[in-house]
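As the structure is a prediction and not an experimental result, all values here were calculated from the model. A note on names: the letters A, B, ... follow the listed sequences, proteins ahead of strands, and every chain is numbered from 1.
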Amino acid sequence: MTMMRTHHCGQLSLSQVGDTVTLNGWVDKVRNLGGFLFLDLRDRFGLTQCVSEGESESLSNRTLQELKAESCVQIRGCVRARPQGMKNLEIATGAIEVLIQEVTVWSKADPLPFQFGQESSEQLRLKHRYLDLRDPSLRQRIVARSQLTSSLRKLLEEHDFLDLETPYLYKSTPEGAREYLIPARVSPGQFYALPQSPQLFKQMYMVGGMDRYYQLVKAFRDEDLRADRQPEFTQVDCELSFVNEVAVRQIFTDVVRRLVNGFLGRECVTDIPQMSFEEALHAYGNDKPDTRFEMLLQDCSELWRDSSFQAFSAVVAAGGVVNAIVVEGQAAHMSRKDLDALNQEALNLGAKGLAWAKCNGTELQDLQSPLKKFVDEPLWSQLQVQLGVKSGDLLLFCAGPFDLVKAVLGKIRLSLGERLGYMDPQQLKFLWVVDFPLLEQDEETGRWAARHHPFCMPQAQDLPLLRTQPEKVRACAYDLVCNGYEVAGGSIRNHDLAVQKQVFAAIGLSEEEAESKFGFLLEALRYGPPPHGGIAFGWDRFVMLMTACDAIRDVIAFPKTLSGQCLMTQSPAPVTQQELDTLGVVHRVTS
RNA sequence: GGGGGAGUAGUUAAGUUGGUUAUAACGCCGGCCUGUCACGCCGGAGGCCGCGGGUUCAAGUCCCGUCUCUCCCGCCA
């Protein structure tokens, strides 16, 4: 019996000329020139041009013409060199073609709901995701994902990590993200929860002496979706024993550097710089700075304190701030309409407004701005010096409470960066953000909560402040940021029972509550836990950045829409009353 | 929970101030064509203008509601 396949569609070259081969794949395109017909056959590996000269009665060009795009076929034929000048340099198999001798149709395809290589609605492609996967552009991203995963596993295993599993059926831990609940049939009225992260299990592995753990694992969060957030997503979850912050960052700088450079085939990442949370917030307005461009947020509150511009001086007097960004060389390129749009964006984000100033020269008289009448010579020269303004620059000012100003200008900076083409997806700027606050205060209730999670180790020198000034306590926590996305985050954990109890106390968790929620952790910490810490990568985001996409849907084979639907399978879907009864779930019908 | 954008042939889009038979490209169907690789040429079919209501002599176009997709805010320890 002959082989079902002797080669794949990306394989044949001049060295097989004269061989009889059998290929399998999908009909990419038929070009019938009359007595002469070309059929492009495509599989995951590539595309091979097959040709028929229509001599045979049994295999007329008419028969071949009837093979519709995306039909699945087998073609047996003889490899021959293409004539001079007919080679296609764009494809790997472009030097040869296969003279068709026999075609087996495995299955026919109806006319397609969308065409490959052309724009079409994502909705339609998601409904027929199995077809979209055949489109080389999605296929390449999914293949890239597999390659990255494979390299990552090798790198982690080189660093002595063990691939270990953790349960998906866990229990609800009300803090943090909303969870997906699963009724436990054999314990009526009780529920499992899908884990938002395997955090405590990996710590248990460390207490259990496994030393280094990793897992490519799904995590589940029942929160609203975004372009970079799916309800189920893949983490590269890692944990290490006998490490401090520096060691963790060192190891993962090495892993990321080799992973990225190996994938891109160029020295894209050399080292990964560090920035404190505080510096990131001041200069970029958020904790995940996009460092592909500058345009930093600059404080100029003091310069306005005594100015005649009430809107700013009053803000400063009330303890607020005035920040500016310098948009280089854009004075002449921003129309009134553009500036109005930016102002509107600032208003939508809660600011009182965005003041602009065009520096058409270096003198005060060259200044064009609604603020001009409030700016005198001394203020102007101070602004120029402090902000580093040059002729031709556009200045944008925002005044108000610190957090608001940072948030607004941080977002304005990003939308300007986008407009001005400063966010080149081919460029990857990694950054460690460090020295995060351990706790954050709920604005409404005034209660303190863990910023990352309640198992983070506080920085030793800040520990005495935990009772007196909890806002000043920094955590041994770090995020890996790339191009404005948080791609990984982690911390050193508490292996010291006493410190863990202090943290629980600081977030208002009573001993009883701590015992009922995390009793197994507290107990484990009594039996010789090693110092340990770890990190978890948002793998979808990482792959998205590596493939220069802007939504994680683009690198997930079967993603959900923003309303959590799978358009292909139509999930979620209703269940019968009988199923609910079996589970002991009371379903209240809402009108 | 809130705000913005979108929904017109199989697909992607155009559609003016509300006014004749709703256009185009690709795809599909039929015919011709021996070197194409976005093949070319000739012809043809194809429409619940997302859905429901309203205004009007007249609605793809205006108004209200609703559904779906998308982007953002809240949210995401």
K.L.:
Checking base pairs now: Watson-Crick or wobble, both atom distances under 3.5 Å. What partners B:A22?
P.N.:
none
K.L.:
Can you tell which of B:G35, B:C72, B:C32 lies closest to the side chain of A:R62?
P.N.:
B:C32
K.L.:
Does A:R31 make a side-chain donor-acceptor contact with the base of B:C33, cut-off 3.5 Å?
P.N.:
no
K.L.:
Could you check which of B:C39, B:C37, B:G74 has an atom nearest any side-chain atom of A:M86?
P.N.:
B:C37
K.L.:
Please determine, for B:C29, whether a Watson-Crick or G-U wobble partner exists with both distances under 3.5 Å, and give it or none.
P.N.:
B:G43
K.L.:
Using the P atom as the point on both nucleotides, what is the distance between B:C67 and B:A59, in whole Å?
P.N.:
26 Å
K.L.:
With ring centroids as reference points, do A:Y168 and A:F220 lie under 6.0 angstrom apart?
P.N.:
yes
K.L.:
Under a 4.0 Å threshold between the charged nitrogen and the carboxylate oxygen, would A:R229 count as salt-bridged to A:D540?
P.N.:
no
K.L.:
Let me know, please, whether A:G564 or A:G176 comes out on the 5' side of the other along RNA chain B by nearest nucleotide.
P.N.:
A:G564
K.L.:
Give a yes or no on whether a salt bridge exists between A:D135 and A:R139, defined as a side-chain N under 4.0 angstrom from a carboxylate O.
P.N.:
no
K.L.:
Hey, which sits more toward the 5' end of RNA chain B by its nearest nucleotide, A:S197 or A:D40?
P.N.:
A:D40
K.L.:
Between B:C29 and B:U23, how far apart are the P atoms? Round to whole Å, please.
P.N.:
24 Å
K.L.:
With respect to the side chain of A:A227, which nucleotide from B:C71, B:G35, B:G1 is positioned closest?
P.N.:
B:C71
K.L.:
Does a distance-only test, which skips hydrogens and angles, find a donor-acceptor pair under 3.5 Å between the side chain of A:R229 and the base of B:C75?
P.N.:
yes
K.L.:
Counting the atoms with a prime plus P, OP1 and OP2 as sugar-phosphate, which does A:R451 contact under 4.0 Å by heavy atoms, base, sugar-phosphate, or nothing?
P.N.:
sugar-phosphate
K.L.:
Can you pull the ring pair (Phe, Tyr, Trp, His ring centres under 6.0 Å) pairs that have at least one residue in residues 472-517 of chain A, sequence neighbours excluded?
P.N.:
A:F504-A:F518
K.L.:
Please report whether the ring centroid of A:Y170 lies less than 6.0 Å from that of A:F201.
P.N.:
yes
K.L.:
Please state whether the rings of A:F116 and A:F114 are parallel, tilted or perpendicular, taking 30° and 60° as the class boundaries.
P.N.:
tilted
K.L.:
Using the P atom on both, measure B:U20 against B:C41 and round to a whole Å.
P.N.:
32 Å
K.L.:
Tell me whether the OP1 or OP2 atom of B:C71 has a side-chain N or O from A:R553 closer than 4.0 Å.
P.N.:
yes
K.L.:
Could you tell me whether A:R474 and A:D462 have a side-chain N and a carboxylate O separated by less than 4.0 Å?
P.N.:
yes
K.L.:
Counting side-chain heavy atoms from C-beta on, which of B:G35, B:U68, B:C29 comes nearest to A:K68?
P.N.:
B:C29
K.L.:
Once each nucleotide of nucleotides 6-15 of chain B is scored for protein heavy atoms under 4.0 Å, what B/S/- sequence comes out, 5' to 3'?
P.N.:
----BSS---
K.L.:
Could you tell me how far B:A6 sits from B:U12 if I compare only their C1' atoms? Round to whole Å.
P.N.:
14 Å
K.L.:
Can you tell me the pairing partner of B:G7 across any strand shown, Watson-Crick or G-U wobble, with both distances under 3.5 angstrom?
P.N.:
B:C67
K.L.:
Per the atom types in the model, does the base of B:U70 pair as donor or acceptor with the side chain of A:Q123 at under 3.5 Å?
P.N.:
no
K.L.:
Just to confirm, is there a sub-4.0 Å distance from OP1 or OP2 of B:U68 to any side-chain nitrogen or oxygen of A:T561?
P.N.:
no
K.L.:
Going by modelled atom types, is there a donor-acceptor pair between the base of B:G4 and the side chain of A:N348 at under 3.5 Å?
P.N.:
no
K.L.:
Is there a donor and acceptor pair, one atom on the side chain of A:N88 and one on the base of B:C37, closer than 3.5 Å?
P.N.:
yes
K.L.:
Quick one: which residue pairs count as a salt bridge (Lys or Arg N to Asp or Glu O under 4.0 Å) with a foot in residues 78-103 of chain A, not counting sequence neighbours?
P.N.:
A:E53-A:R80, A:R76-A:E102, A:R80-A:E97
K.L.:
So which nucleotide does B:A38 pair with, by the Watson-Crick or G-U wobble rule with both distances under 3.5 Å?
P.N.:
none
